[in-house]
Amino acid sequence: MTVSSHFTHKNGLLHAENVPLDTLAAHHGTPLYVYSRAALKEAWDSYQSAIKGRNVLICYGMKANSNLAVLNEFRQWGAGFDIVSGGELARVLAVGGDASKVVFSGVGKQAWEMQAALKAGVKCFNVESEAELDRLAQVAQETGHIAPVSLRVNPDVDAKTHPYISTGLKENKFGIAIEAALAVYERAGTYPSLRVVGLDCHIGSQITEVSPYLDALEKLIQLIKTLAQRGINLHHLDLGGGIGIRYTNEQPLSPGELIDKVFATLQAHGLDHLQLVLEPGRSLVGNAGALLTRVQYLKPGDARNFAIVDAAMNDLIRPTLYEAWHDVEAVSPRETGPDTPVYDIVGPICESGDWLARQRQLNLQPHDLLAIMSAGAYAFSMSSQYNTRPRAAEIMVDGQQVHVVRPRETVESLFESERILP
Ligand code: LLP
């Protein structure tokens with residue numbers, strides 16, 4: 001059993017949908033990112049069926065995987081997008097995305113990015129500080145726009161996830177402290193170039209329980225009531241992204257559980273007229289991807305056995321950055337027994353931190369193919385060219401069909417724009 005029902009062994013060979021992964025490796029080389037369109041659709045549908053006619057907008061947190069093919073599928077299915085840069089906005093527009101379904105998050109928006117988003121007509125800016133509010137008001141005024149604004153507040157709740165991906169605590173750089181938010185909303189009201197439309201928070205990522213969301217929601221509801229008493233009425237409430245996925249045996253909350261409990265709480269407070277916005281990233285794409293890599297060398301040792309593969313931390317940095325666990329599946333598994341060695345799966349980069357998985361019992365031979373699972377989110381999108389390694393190709397499988405959605409980079413392309421001194 002793998003973590004995704006769209007990556008399964010059939011006749012002893014790991015497939016993405018109906019395509020055997022050894023065939024993909026033979027045609028396209030390794031390391032190779034392989035995505036399943038059916039898995040994307042299934043994840044999307046899990047949100048759609050959870051909505052049950054309620055007013056919910058799903059803005060895909062596209063930093064998780066911003067390949068145009070992925071964006072275009074979500075766009076066709078009706079998604080909006082959560083963007084964090086002018087670059088991400090350009091990607092959304094490149095696939096014909098509807099800017100009126102785009103929310104713009106991030107603590108460091110620059111003036112040019114604000115201008116581009118105003119011109120495109122985004123749904124709202126999730127403003128994260130007073131200084132940003134002032135700048136946005138100025139940019140909007142100078143360009144003759146009225147900027148729709150939501151404040152991202154920091155509710156100071158513990159998302160119970162890895163500290164590097166926890167964002168809703170006071171010590172994090174994100175959002176406006178919830179106690180300070182009323183004053184910032186009132187300040188926003190003094191600018192003719194701003195229009196207050198919502199309230200936003202995002203408390204972290206890879207969250208597996210519903211309780212941190214409900215803790216945050218209670219605090220936001222108190223704020224919404226205080227705002228209403230001051231005559232500030234909101235159109236939407238954005239609870240950010242964060243729903244976790246199964247990397248190995250986690251049992252994360254479902255979109256249905258979250259949306260049902262949120263609406264039940266809103267209803268209890270007479271606030272279910274608000275539109276709910278969610279910004280899921282990982283839960284829409286994480287288990288729709290695998291990173292295919294080939295074993296180059298086996299290096300047995302006294303302390304550790306290493307399997308040196310052709311993928312590396314430049315392709316997938318999550319293990320070394322967060323000590324993240326990704327399941328490793330042999331594409332063509334051999335039998336294992338008590339004597340089967342335990343390997344650290346490492347890449348060729350000159351850093352001890354260059355590892356993809358540790359202490360995995362696998363019956364390996366050089367040239368074997370391995371699939372690093374759950375590599376659809378924060379995988380290619382966080383990749384680099386460190387050690388002058390071209391970034392991997394990306395493939396989208398759809399049933400039996402194979403689409404190259406990003407060719408492998410060439411070595412020459414990595415430095416073709418560089419110049420030596422005259
Ligand atoms: N909205 C905002 C404002 C965000 O900052 C994020 C993610 C999301 C939505 C989407 O969150 P998701 O549904 O994917 O949890 N690189 C890390 C994850 C960083 C998440 C950053 N923010 C990792 O590989 O685990």
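Read the numbers this way: they start at 1 and go in the same order the structure lists the ligands and their atoms.
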Margin query: I want to check a possible cation-pi pair here: Lys109 against Phe104, using under 6.0 Å from ring centre and within 45° of the ring axis as the test.
Written below: yes
Next item on the list: Give the numbers and elements of all ligand 1 atoms closer than 4.0 Å to a heavy atom of Glu279.
Entry: 1 (N), 2 (C), 3 (C), 8 (C), 9 (C), 10 (C), 13 (O)
Item checked: Arg360 to Trp325 six-membered ring, cation-pi geometry met (6.0 Å, 45°) -> yes
Item checked: Any N or O of Arg152 closer than 3.5 Å to N or O of ligand 1 -> no
Checklist line | Sub-4.0 Å heavy-atom approach of Gly240 to ligand 1 | finding: no
Margin query: With heavy-atom distances below 4.0 Å as the criterion, list the atoms of ligand 1 near Gly241.
Written below: 9 (C), 13 (O)
Check: Of the choices Gln206, Arg282, Lys63, which has the non-hydrogen atom that lies closest to atom 6 (C) of ligand 1?
Finding: Lys63
Checklist line | Under 3.5 Å: N/O of Ser283 near N/O of ligand 1 | finding: no
Margin query: Give the atom numbers and elements of ligand 1 that come within less than 4.0 Å of a heavy atom of Pro280.
Written below: 13 (O)
Check: Do Glu128 side-chain atoms and Ile176 backbone N/O form a donor-acceptor pair below 3.5 Å?
Finding: no
Item checked: Residue part near ligand 1, for Tyr322, under 4.0 Å between non-hydrogen atoms -> side chain
Item checked: Contact partition for Ala64 relative to ligand 1, non-hydrogen atoms under 4.0 Å -> neither
Item checked: Side-chain (Glu17) to main-chain (Gly399) donor-acceptor, under 3.5 angstrom -> yes
Check: If we ignore angles and hydrogens, is there a donor and acceptor under 3.5 Å between the side chains of Glu42 and His6?
Finding: yes
Check: Of the choices Arg318, Met382, Glu128, which has the non-hydrogen atom that lies closest to atom 24 (O) of ligand 1?
Finding: Arg318
Notebook entry, point to check: Can a donor-acceptor pair be found between the side chains of Glu351 and Tyr386 at a distance below 3.5 Å?
Noted result: yes
Note to self: Main chain of Leu414, side chain of Glu409: is a donor-acceptor contact present, judged purely on distance under 3.5 Å?
What the structure shows: no
Check: Closer than 4.0 angstrom: is that true for some heavy atom of Gly281 and an atom of ligand 1?
Finding: yes
Notebook entry, point to check: Heavy-atom contact under 4.0 Å between Gly242 and ligand 1?
Noted result: yes
Check: Side chains of Asp310 and Thr293: is there a donor and an acceptor less than 3.5 Å apart?
Finding: yes
